[in-house]
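Notes follow once the structure below has been shown.
The shown structure was predicted, so the numbers you read here are calculated from the model rather than taken from an experiment.
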Amino acid sequence: MSINWFKFSSPATFYPLAGKLIPIFGVLTALIGIFGLYWGFFQTPDVLTDQKQYYRIIFIHVPAAWMSMWLYVIVVAWSLIGLIFNARLAYMIAAAVAPTGAIMTVLALFTGAVWGKTSWGTWWDWDPRMTSELILLFIYVGYMALRSAIEDNRRSDRASAVLALVGLVCIPVIFWSVNCPDPNQCAALHQSSSMSGIESNILFAMLTMTVSFWMYCFLVPLMRARNIILEREHDTAWVTEMLEVKK
Amino acid sequence: MSITEFFHMGGFGLFIWSSVGVTFALMAIEIIVVKKQHGTISKRLTRMLRMNKKVDQ
Amino acid sequence: MFNIFRCIVMRDLTLAMRRKTDVLTTMFFFIIVVSLFPLGVGTEKETLRHIAPGVVWVAALLASMLALERLFASDYSDGTLEQMLLTPQPLTVLVLGKVLAHWLLTGLPLVLIAPLVGLQYHLSIESTGVMMLALLIGTPVLSLIGAIGAALTLGLRGGGILLSLLILPLYIPILIYGSGAVAASAIPGSELQAYFSLLAAFLLMALIFSPLATAAGLRISVE
């Protein structure tokens, strides 16, 4: 089976396709989310050996943190596709994903702070992971600020794509430097996570919630991409036609 | 397990439920804002279309 | 190719020498920011010595940030930049020339007045030397990374504040190792070479990637 991918790269075909996908992702987000929360709150032990019930924050903390990083990769990937193939739609998707990524970063920071208060007794600690997440938020904000500051669509698309790429090159260096400010003793990671010791029910609930968050990260960017398309293509024939049919 | 016990969460209820609440509130707000945006844009475009038609006639 | 490079550097230096205020404002901005901290946090010797590395580097970051806005702005407004984009010479070389001139005018003065800061903050002579060397390697990286942001925000309203939003997070590694080197130099017997190797590695990386990204940014902005 061969799919004509270039057909979908036109906003005119993508718009109705996204419209059909949105309800599907909406239902998936809700159902998987409810199931994940049910499993997380009713099928898991109340007290672990060293962590009490507050560990349940991970069911939203970890998915949000994972999504915040993953969505930046998505933004860069679509920016790159946009630059290489000169595809308008790719830039629009990158623009649609970024705000959701920023929200995930905020959620990861907030839930992380709450967790910090319960387990370390402090809202904020300059722990490498928290610092990295904060810097990721700054980078998202910079990306969105540049995009909204440029009025010319073509320039704003391409300039923000270049910025996203520069960010991708810099982020590993930044995270690494935050991780070991003293290069002479770099081996010590302050907080190491072990997936192996985790109880299977907790892991299952966490992964289920991650899938739910992921579906959400399809849902909202698709909705936002439709808005961007509508705004930018408002003087094309297909938008005019569509609006007339609706009326 | 009673309902109060469930919401109490071994003394961590406030922390857990505020995290959960803020997360879902933010998500809901994002969806509502984007939806509203869609409404305003399509309304504006339809109005523009009608105006252009009147000009044409 | 080297001729064009030299030509651009000399041109920018001559232009700047006609209007010395630009150079002086950056330098005085740096001095003022550094002098404000003791007034804010108190003039106790130990505290000052403790915060000196961070203060100096944050002030250097901000000073080079402020100067960046003017990197391409005047060439853009009088149309020279457009001509430069049309020349057959590689744009990366032109960019590199402009960044070097910019660093000579705004980065190098910071290195040279660093001893003054050392006196203000009661740093030892070794620490002051380390600080100068770290600034010498680190400030060119700031100019190089900043050039990307300057190219992308060219001619935008409120470009200056936007520029800092884009670029300051990317300065973090330089801040960490630059001030780390100065802080480590206060502890006797500490190994400093790793800091300088890292800073030099950042410089090399920036030298390779930044002119490419800046050139791409300029083409996008001017088009």
Could you check whether any side-chain heavy atom of A:Trp115 comes within less than 4.5 Å of a side-chain heavy atom of B:Ile16, counting everything from C-beta outward? no
Here the gap from B:Ile41 atom CD1 to A:Leu230 atom CG, rounded to the nearest 0.5 Å, amounts to 6.0 Å
I want to check something: taking the side chain as every heavy atom from C-beta on, are A:Phe59 and B:Val20 in contact at a cut-off of under 4.5 Å? no
Please tell me if the side chains of B:Lys35 and A:Met223 come closer than 4.5 Å, counting only heavy atoms from C-beta onward. yes
Checking side chain to side chain contact (heavy atoms under 4.5 Å, CB included) for the pair B:Ile31/A:Tyr216: CA distance, chi angles, key distance, verdict? CA-CA 10 Å; B:Ile31 290 180; A:Tyr216 176 84; 3.8 Å; yes
Mind checking the OG-CZ spacing from B:Ser42 to A:Arg226? Nearest 0.5 Å is all I need. 9.0 Å
Look up atom OG1 in B:Thr23 and atom CD1 in A:Ile60, then write down how far apart they are to the nearest 0.5 Å. 3.5 Å
Kindly indicate whether the side chain of A:Thr111, heavy atoms from C-beta on, has any atom under 4.5 Å from the side chain of B:Phe15. no
By a 4.5 Å heavy-atom criterion (distance strictly below it), what part of A:Thr100 contacts chain B: side chain, backbone, both, or neither? both
Answer yes or no: is there a side-chain heavy-atom contact under 4.5 Å between A:Val114 and B:Val22? no
Can you measure from CE (B:Met27) to CG (A:Leu107) and round to the nearest 0.5 angstrom? 6.5 Å
d(A:Lys117 NZ, B:Ser18 OG) to nearest 0.5 Å is 12.5 Å
Reported OG1-to-CG distance for the pair A:Thr118 and B:Leu14, which is rounded to 0.5 angstrom: 11.0 Å
